[in-house]
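Following: one structure in structure tokens, then a few remarks.
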Number of protein chains: 2
Amino acid sequence: MSHQYTRETAAEGVENALKLLEGRWKLVILFHLFGGHVLRFSDLERAIPGISQKMLIQQLRQMEKDGIVRRIVHHQVPPKVEYCLTDWGQALCPALDALLTWAAQREGLDGGNQNVPSQDATI
Amino acid sequence: MSHQYTRETAAEGVENALKLLEGRWKLVILFHLFGGHVLRFSDLERAIPGISQKMLIQQLRQMEKDGIVRRIVHHQVPPKVEYCLTDWGQALCPALDALLTWAAQREGLDGGNQNVPSQDATI
DNA sequence: CTGCATCCGCATGGATACTG
DNA sequence: CAGTATCCATGCGGATGCAG
């Protein structure tokens with residue numbers, strides 16, 4: 001399982017991965033679905049204040065197409081559609097946790113140069 | 001170092017982290033800087049075909065402001081400016097690797113339902 | 001209830017030309 | 001060499017209205 005990537009393919013790989021997560025609301029949706037939660041369209045709508053239906057369905061559809069989210073249609077009136085994560089979608093957890101860890105490291109390391117944005121090499 | 005996040009703060013944290021990585025060229029630049037490489041403006045320009053000066057300087061400036069990239073100015077004629085990663089920027093490596101790992105898992109798990117995008121719960 | 005269509009404003013990104 | 005300034009195209013996201 002050793003990763004042997006060239007600088008370019010690695011950049012492409014991460015860019016592709018990031019592209020799947022891009023979108024104003026995908027992360028929020030994802031976190032509402034983590035842990036095996038199964039939510040209806042209206043549940044998500046209510047759980048995410050400020051999101052429009054268009055955005056909600058758009059982001060859900062994209063993630064469904066990308067294999068991150070599973071869509072379950074119950075043919076009944078009134079309609080009922082539920083959303084949950086695929087196995088692959090659940091597998092995102094560790095990666096996002098790593099990102100979280102990195103973000104948390106901001107205060108702590110970085111060489112103590114938060115207030116020295118530009119170094120000046122003038123002699 | 002246990003992460004104890006609520007659903008909301010975690011989403012915010014990751015979103016903030018992702019926001020720092022957003023931008024058409026940031027990842028590409030990052031990967032060219034990983035490994036302690038110190039590159040001049042023109043080096044990056046040459047190394048990344050298709051990028052415009054505007055985009056290059058814009059993305060670099062944002063990452064500098066965010067503490068990911070360090071900018072070193074040599075006051076001389078002709079001008080010479082070098083860019084490298086901060087310690088925190090270098091620390092991004094594991095997180096991006098996790099993302100890479102996740103992306104690689106696409107083929108392999110996900111319950112074998114790549115061809116069944118929408119499940120149908122009709123009785 | 002769930003989801004699609006349309007229109008609109010704004011931010012992002014790209015091309016080009018110019019400056020210290 | 002290392003930017004800055006300007007103009008322009010595109011796309012994203014928001015609001016509203018309609019349909020199955």
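Residue numbers begin at 1 in each chain, while the letters A, B, ... track the order of the sequences.
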Qualifying residues under side-chain hydrogen bond (donor to acceptor under 3.5 Å, both in side chains), relative to B/Gln90, sequence neighbours excluded: none

Between A/Arg61 and B/Pro79, name the one whose nearest nucleotide on DNA chain C is closer to the 5' end. A/Arg61

Taking every non-hydrogen atom, the tightest pair across A/Trp88 and A/Asp66: CZ3-O, 3.1 Å

Considering only heavy atoms of chain B and a distance under 4.0 Å, specify the first and last nucleotide of DNA chain C in 5' to 3' order that meet this criterion. C/dG13 to C/dG20

Show me the donor-acceptor pairs within less than 3.5 Å that the side chains of residues 47-54 of chain B make with the rest of the protein, sequence neighbours left out.
{"from": "B/Ser52", "atom 1": "OG", "to": "B/Met55", "atom 2": "N", "distance (Å)": "3.2"}

Going from NZ on A/Lys26 to CG on A/Leu20, what distance comes out if it is rounded to the nearest 0.5 angstrom? 6.5 Å

Any A/Gln105 side-chain heavy atom under 4.5 Å of B/Leu92 side chain: no

Which atom names give the shortest non-hydrogen contact between A/Leu99 and B/Ala95, and what distance separates them? CD1-CB, 3.6 Å

Please tell me if the side chains of B/Arg106 and A/Asn16 come closer than 4.5 Å, counting only heavy atoms from C-beta onward. no

Using every non-hydrogen atom in the two residues, find where B/Glu22 and B/Gln59 come nearest and quote the distance to one decimal. O-OE1, 4.5 Å

Using atom NE2 of A/His75 as one end and atom C1' of D/dG20 as the other, report the distance to the nearest whole Å. 12 Å

Just jot down the ring-ring contact (aromatic ring centres under 6.0 Å, His included) partners of B/Trp25, sequence neighbours excluded, or say none. none

What verdict does the side chain to side chain contact (heavy atoms under 4.5 Å, CB included) test give for B/Arg71 and B/Val69, after you've listed the backbone C-alpha separation in whole Å, the side-chain angles of each residue and the deciding distance to 0.1 Å? CA-CA 7 Å; B/Arg71 181 166 176 267; B/Val69 161; 5.6 Å; no

Can you check whether B/Arg71 has a side-chain N or O nearer than 4.0 Å to OP1 or OP2 of D/dA2? no

Check each residue of residues 15-43 of chain A for a non-hydrogen atom within less than 4.0 Å of any atom in DNA chain D, then write out the ones that pass by number, or none. A/Gly23, A/Arg24, A/Trp25

Expected list for residues 45-59 of chain A near DNA chain D, using heavy atoms below 4.0 Å, is A/Lys54, A/Met55, A/Gln58, A/Gln59

